[in-house]
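Some notes on the structure that comes next.
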Amino acid sequence: GRLQRTAENKTLKTLLNHALLSDGNQGMSVEAKTLFYNTFVYYYLVIEDFSRVDKVLMHLMHLIESNSILMEQQSIDDI
C-alpha cells in the first residue's frame, strides 16, 4: 500500500543521494553509467516525475549511441 511505497521511495532516495551516484560522469565504465541512468529512470517512474524520466532517458540514449560498438560487442558476448 501507500506506506510500503513511501518506505520504498525513501530507500531509493537514500541510494540515489549517495556520493557515488552524485555524477554520472565520474570516470565510470559504460556499464556503470548505464546502471546509473537506469536507477534514476526507475526512481523517477516510481515518484511519477515523467519530465525527469525523459531527461534521464535522453542521457542514456546518448550514452548508448556514443558507445554503440561497445554495446554491440557486449551483446555478442552475451550470446
Side-chain angles (χ1 to χ4, degrees):
R2 179 80 176 159
L3 183 60
Q4 181 181 1
R5 186 172 174 182
T6 302
E8 289 172 357
N9 287 355
K10 185 177 179 181
T11 301
L12 278 172
K13 192 169 186 174
T14 300
L15 290 171
L16 295 175
N17 286 330
H18 192 279
L20 290 175
L21 293 179
S22 64
D23 181 7
N25 296 314
Q26 288 187 351
M28 293 188 285
S29 67
V30 173
E31 293 84 0
K33 288 180 183 180
T34 301
L35 179 60
F36 171 85
Y37 290 128
N38 283 329
T39 302
F40 275 95
V41 167
Y42 176 73
Y43 173 71
Y44 291 136
L45 284 171
V46 167
I47 66 169
E48 299 179 0
D49 188 341
F50 302 114
S51 65
R52 287 192 177 176
V53 169
D54 288 343
K55 289 178 185 177
V56 175
L57 285 175
M58 292 301 290
H59 287 287
L60 180 57
M61 285 175 36
H62 176 71
L63 175 68
I64 291 169
E65 289 171 352
S66 63
N67 292 283
S68 60
I69 293 173
L70 181 61
M71 294 294 189
E72 185 178 308
Q73 182 62 42
Q74 183 178 359
S75 297
I76 291 169
D77 292 343
D78 291 341
I79 295 177

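These values consider heavy atoms only, across backbone and side chains, with no hydrogens, waters or symmetry-generated copies.
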Practice item. Find the distance between CD1 (Ile64) and NZ (Lys33) and round it off to the nearest 0.5 Å. Key: 13.0 Å

Review point. Under a single-linkage definition using a 4.5 Å side-chain heavy-atom cutoff for Ile, Leu, Val, Met, Phe, Trp and Tyr, are Met58 and Leu60 assigned to the same hydrophobic cluster?
Key: no

Check your understanding: Same hydrophobic cluster for Val46 and Leu57, using side-chain heavy-atom links shorter than 4.5 Å among ILVMFWY?
Key -> yes

Practice item. Output every pair passing salt bridge (Lys or Arg N to Asp or Glu O under 4.0 Å) with a member in residues 43-61, not counting sequence neighbours, ordered by first then second residue. Key: Arg5-Glu48, Asp49-Arg52

Point to revise | Phe50 vs Leu45, side-chain contact (heavy atoms from CB on, under 4.5 Å): CA-CA, chis, key distance, verdict | key: CA-CA 7 Å; Phe50 302 114; Leu45 284 171; 4.0 Å; yes

Exercise for review: With sequence neighbours left out, write down each residue that passes ring pair (Phe, Tyr, Trp, His ring centres under 6.0 Å) with His62, or none if nothing qualifies.
Suggested key: none

Study note, to complete from the structure: Shortest non-hydrogen pair, Tyr37 vs Val56, comes out as O-CG1, 3.4 Å

Check your understanding: Rounded to the nearest 0.5 Å, how far apart are OG1 of Thr39 and OH of Tyr44?
Key -> 11.5 Å

Review point. Is Val53 reachable from Leu35 through a run of I, L, V, M, F, W or Y residues, each pair having side-chain heavy atoms under 4.5 Å apart?
Key: no

